[in-house]
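Any value given below was found using the heavy atoms of this structure, including those in side chains, with hydrogens, waters and symmetry copies removed. In what follows, chains are A, B, ... by sequence order, proteins preceding strands, each numbered from 1. Computed from a predicted structure; not experimentally measured.
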2 protein chains.
Amino acid sequence: MDKQNKYFLSENNVPFQEFFKFGLSVDCVVFGYHKGQVSVLLVERDAEPFKGSWALPGDLVNLDEDMDEAAGSVLRKLTGLENIFMEQFYSFGSVQRHPAGRVATVAYYSLVNSDEYKPKASAWTKSIQWFDIRSLPKLAFDHDQILDKGIRTLQRRVRYRPVGFELLPTKFTLSELQELYEALLNAKFDKPNFRKKILSMELLRPLEEVQENVSHRPAKLFQFDENRYQELRKEGFAFDITLKTN
Amino acid sequence: MDKQNKYFLSENNVPFQEFFKFGLSVDCVVFGYHKGQVSVLLVERDAEPFKGSWALPGDLVNLDEDMDEAAGSVLRKLTGLENIFMEQFYSFGSVQRHPAGRVATVAYYSLVNSDEYKPKASAWTKSIQWFDIRSLPKLAFDHDQILDKGIRTLQRRVRYRPVGFELLPTKFTLSELQELYEALLNAKFDKPNFRKKILSMELLRPLEEVQENVSHRPAKLFQFDENRYQELRKEGFAFDITLKTN
DNA sequence: TCAAAAGTGTTCCGAATACACCCATGC
DNA sequence: GCATGGGTGTATTCGGAACACTTTTGA
């Protein structure tokens with residue numbers, strides 16, 4: 001205590017240990033996308049408090065664990081997902097946000113191509129499920145607020161950074177890309193203009209392959225070119241798909 | 001403990017209390033602006049660790065204090081500033097970022113019209129001082145990293161939200177505004193084009209007043225119209241001052 | 001041949017750029 | 001008058017918007 005007290009000489013005479021009584025958690029807004037629908041992965045809690053309620057996947061951080069690391073662990077343990085795009089977006093720290101004590105939480109969002117991924121419950125979750133972001137249940141804690149902020153953050157970032165591609169399979173058609181943006185931003189774009197805009201950036205590598213088993217002219221497949229993006233960024237290029245919505 | 005254990009049934013069998021051993025702090029990047037110079041307020045620490053080093057103003061959060069509230073308090077206690085624009089931007093939580101124990105920190109930035117404000121040291125700070133953001137000292141803890149992220153965040157946000165005005169006096173000339181943006185973004189703009197762009201948004205209310213005691217044609221004074229901005233926002237207007245840099 | 005979606009081209013319009021020029025003030 | 005910044009006008013360019021059109025496939 002003496003050793004510690006010399007570290008924090010704050011005005012108020014609160015003993016040092018009083019400060020080290022916070023819980024720290026990470027919560028994750030996992031976005032998925034499939035055929036025009038943007039969804040979010042929620043878990044059904046099998047523990048108090050809010051047992052039986054839906055909540056964002058999240059957990060307390062261990063003392064010997066970096067925060068970013070913890071975020072990855074949560075995802076792996078609660079959803080089985082690994083090596084997924086993840087980014088911190090906001091932290092929530094009001095006094096009464098957790099009934100069991102003072103817990104601050106750092107929120108991350110991650111992007112998954114939900115096509116193949118079939119979630120499965122684990123540990124202290126009764127079940128786990130995708131929810132369309134247009135019809136969400138009431139959530140535990142302040143997770144409604146966190147999720148809301150997560151959605152807004154994604155909608156903003158997706159316009160200025162090429163993160164949307166994380167929600168698609170590696171190979172995709174331009175129409176699929178357009179549908180994705182329309183779903184994310186809840187808008188409609190003009191097809192020719194969308195194509196021109198996205199192609200003019202020269203971030204998509206056209207493949208030799210085309211769609212198969214479609215009863216119409218098969219579409220060319222494209223792939224996002226990460227290297228190209230990094231190059232352009234160095235030259236001051238700014239990704240931007242602001243287009244007029246119909 | 002029994003009561004508490006039912007709240008967190010996580011996979012690992014770490015006792016519940018082990019999770020409530022975090023310190024939580026807030027750190028604040030206070031931006032100031034004066035005559036073409038963007039600066040940041042730093043304090044010289046008068047306590048271990050890093051006694052004598054420059055650091056961002058920050059402090060541990062009290063258990064009964066909301067995080068946002070704490071951010072405001074820090075500013076008031078360490079700098080005397082009150083009712084200042086403040087926004088959270090990122091959190092830092094690696095295990096070893098604080099030598100005294102596990103402390104996660106939530107970073108805020110705030111914007112001050114530094115013209116009149118003369119900082120004065122207080123509490124556990126030896127001194128407090130403005131530093132031009134182009135020549136910064138090495139900082140304590142991971143504050144270099146926090147400050148760097150703060151600067152980048154401001155540079156991004158200032159282009160898409162009318163926050164820059166917080167750095168100017170209530171009444172300002174268009175040239176002053178342009179200089180501010182040029183300093184923030186480290187760029188040069190074409191004067192006629194800058195004016196047209198900013199005036200076309202109709203966010204500035206022209207006043208009847210003009211500059212005084214200048215040995216050239218006196219400039220008109222303007223004022224940012226917050227109400228007008230809120231109106232426009234509802235109609236879908238997006239603030240944007242992306243201009244070609246000369 | 002028809003439906004369905006892929007994919008292209010062209011005109012129009014507005015906003016950003018580049019740049020020349022005029023205006024008001026103090027000294 | 002002239003230096004100094006304030007302030008304006010305009011031709012040009014470029015990119016987004018609107019919209020009509022052609023192409024390729026399966027059935």
Side-chain angles (χ1 to χ4, degrees), chain A residues 35-36 159-160 168-169 171-183 185 187-223 232 235-246, chain B residues 35-36 159-160 168-169 171-183 185 187-223 232 235-246:
Chain A
K35 299 220 168 127
R159 296 207 312 253
Y160 301 113
L168 290 177
K171 301 168 180 182
F172 52 84
T173 71
L174 292 184
S175 292
E176 282 165 359
L177 184 62
Q178 180 172 349
E179 271 170 45
L180 168 65
Y181 273 100
E182 291 181 340
L185 301 173
K188 287 283 174 195
F189 300 112
D190 176 81
K191 185 173 57 157
N193 293 338
F194 181 85
R195 304 180 134 248
K196 262 178 286 188
K197 176 109 190 198
I198 201 84
L199 288 176
S200 72
M201 297 189 206
E202 304 195 306
L203 283 173
L204 300 187
R205 192 143 34 84
L207 302 175
E208 293 306 312
E209 294 172 73
V210 291
Q211 271 184 324
E212 271 168 30
N213 302 316
V214 285
S215 77
H216 56 75
R217 175 171 174 177
K220 270 198 198 112
L221 291 173
F222 290 82
Q223 199 175 313
L232 289 170
E235 299 163 17
F237 165 81
F239 183 86
D240 184 335
I241 49 126
T242 314
L243 270 176
K244 179 145 191 240
T245 75
N246 285 333
Chain B
K35 299 219 169 131
R159 296 207 311 254
Y160 301 114
L168 291 176
K171 302 168 180 182
F172 51 85
T173 71
L174 292 185
S175 292
E176 283 165 359
L177 184 61
Q178 180 171 350
E179 272 169 45
L180 168 65
Y181 273 100
E182 292 180 336
L185 301 174
K188 287 282 175 197
F189 301 113
D190 176 82
K191 185 173 55 160
N193 294 337
F194 181 85
R195 305 180 135 250
K196 260 177 288 187
K197 176 110 190 197
I198 201 84
L199 288 176
S200 72
M201 298 190 207
E202 304 195 304
L203 283 173
L204 301 187
R205 192 144 33 86
L207 303 174
E208 294 306 312
E209 294 173 72
V210 292
Q211 272 183 323
E212 273 169 26
N213 303 315
V214 286
S215 76
H216 55 74
R217 175 172 174 179
K220 268 196 199 117
L221 291 173
F222 291 82
Q223 199 174 313
L232 288 171
E235 299 164 17
F237 166 80
F239 183 85
D240 184 335
I241 49 122
T242 314
L243 270 176
K244 179 149 191 233
T245 75
N246 285 333

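Atoms CE (A:Met201) and P (D:dG15) sit 12 Å apart, rounded to a whole Å. Atom C1' of nucleotide C:dG7 and atom CG of A:Leu199 are separated by 10 Å, given to the nearest angstrom. One interatomic measurement links the two molecules: CG of A:Leu177 to P of C:dA6, which rounds to 12 Å at whole-angstrom precision. Taking atom CG of residue A:Leu221 and atom P of nucleotide C:dA6, one finds them 12 Å apart after rounding to whole Å. B:Ile241 places its CD1 atom 18 Å from the P atom of C:dA15, with the value rounded to the nearest Å. If you take CG of B:Leu207 and P of D:dG6, they are 17 Å apart, rounded to a whole angstrom. One atom, CZ of A:Phe194, and another, P of C:dA5, lie 17 Å apart when rounded to the nearest Å. The distance between atom CG of A:Asp190 and atom C1' of C:dT10, rounded to the nearest whole Å, is 13 Å.
The base of C:dA6 is paired with the side chain of A:Lys191 by a donor and an acceptor separated by under 3.5 Å.
Comparing D:dG5, C:dA18, C:dG9 by their nearest atom to the side chain of B:His216 picks out D:dG5. Considering only side-chain atoms of B:Lys220, the nucleotide from D:dG7, C:dT17, D:dC19 that sits closest is D:dG7. Distances were taken from every side-chain heavy atom of B:Lys197 (C-beta onward) to each of C:dA16, C:dG7, D:dG6; the shortest belongs to C:dA16. Closest to the B:Lys244 side chain, of the nucleotides C:dA18, D:dT23, D:dA17, is C:dA18. In the set D:dC19, C:dT8, C:dA20, the nucleotide with an atom closest to the side chain of B:Pro192 is C:dA20. With D:dT10, C:dA4, D:dG6 as the candidates, the nucleotide lying closest to the side chain of B:Lys196 is D:dT10. Residue B:Asn193 has its side chain nearest to C:dT17 when only D:dA27, D:dG7, C:dT17 are considered.
Here B:Ser175 lies in heavy-atom contact (under 4.0 Å) with sugar-phosphate atoms only. Residue B:Leu243 is in sugar-phosphate contact alone, with no base atom involved, counting any heavy-atom pair closer than 4.0 Å across all strands shown. A:Asp240 comes within contact range of no nucleotide atom at all, as no heavy-atom separation falls under 4.0 Å.
If A:Ala219 and B:Pro218 are placed on DNA chain C by their nearest nucleotide, the residue sitting closer to the 5' end is A:Ala219.
Between A:Asn213 and D:dT25 there is no side-chain polar atom (N or O) within less than 4.0 angstrom of OP1 or OP2. Close to D:dG7, at under 4.0 Å from its OP1 or OP2, lies a side-chain N or O of B:Arg195.
With contacts defined as side-chain heavy-atom distances shorter than 4.5 Å, the pair A:Leu232/A:Met201 does not qualify. For the pair B:Asp190 and B:Leu243, the minimum side-chain heavy-atom distance is 4.5 Å or more. The closest side-chain heavy-atom distance from B:Leu174 to B:Ile198 is below 4.5 Å. No side-chain heavy atom of B:Phe189 sits under 4.5 Å from any side-chain heavy atom of B:Asn246.
Ring-plane geometry between A:Tyr160 and B:Tyr160 is classed as parallel, the angle between the planes falling under 30 degrees on a 0 to 90 degree scale with a further cut at 60.
Considering every non-hydrogen atom in both B:Pro218 and B:Gln211, the closest pair reads CB-O, 3.4 Å.
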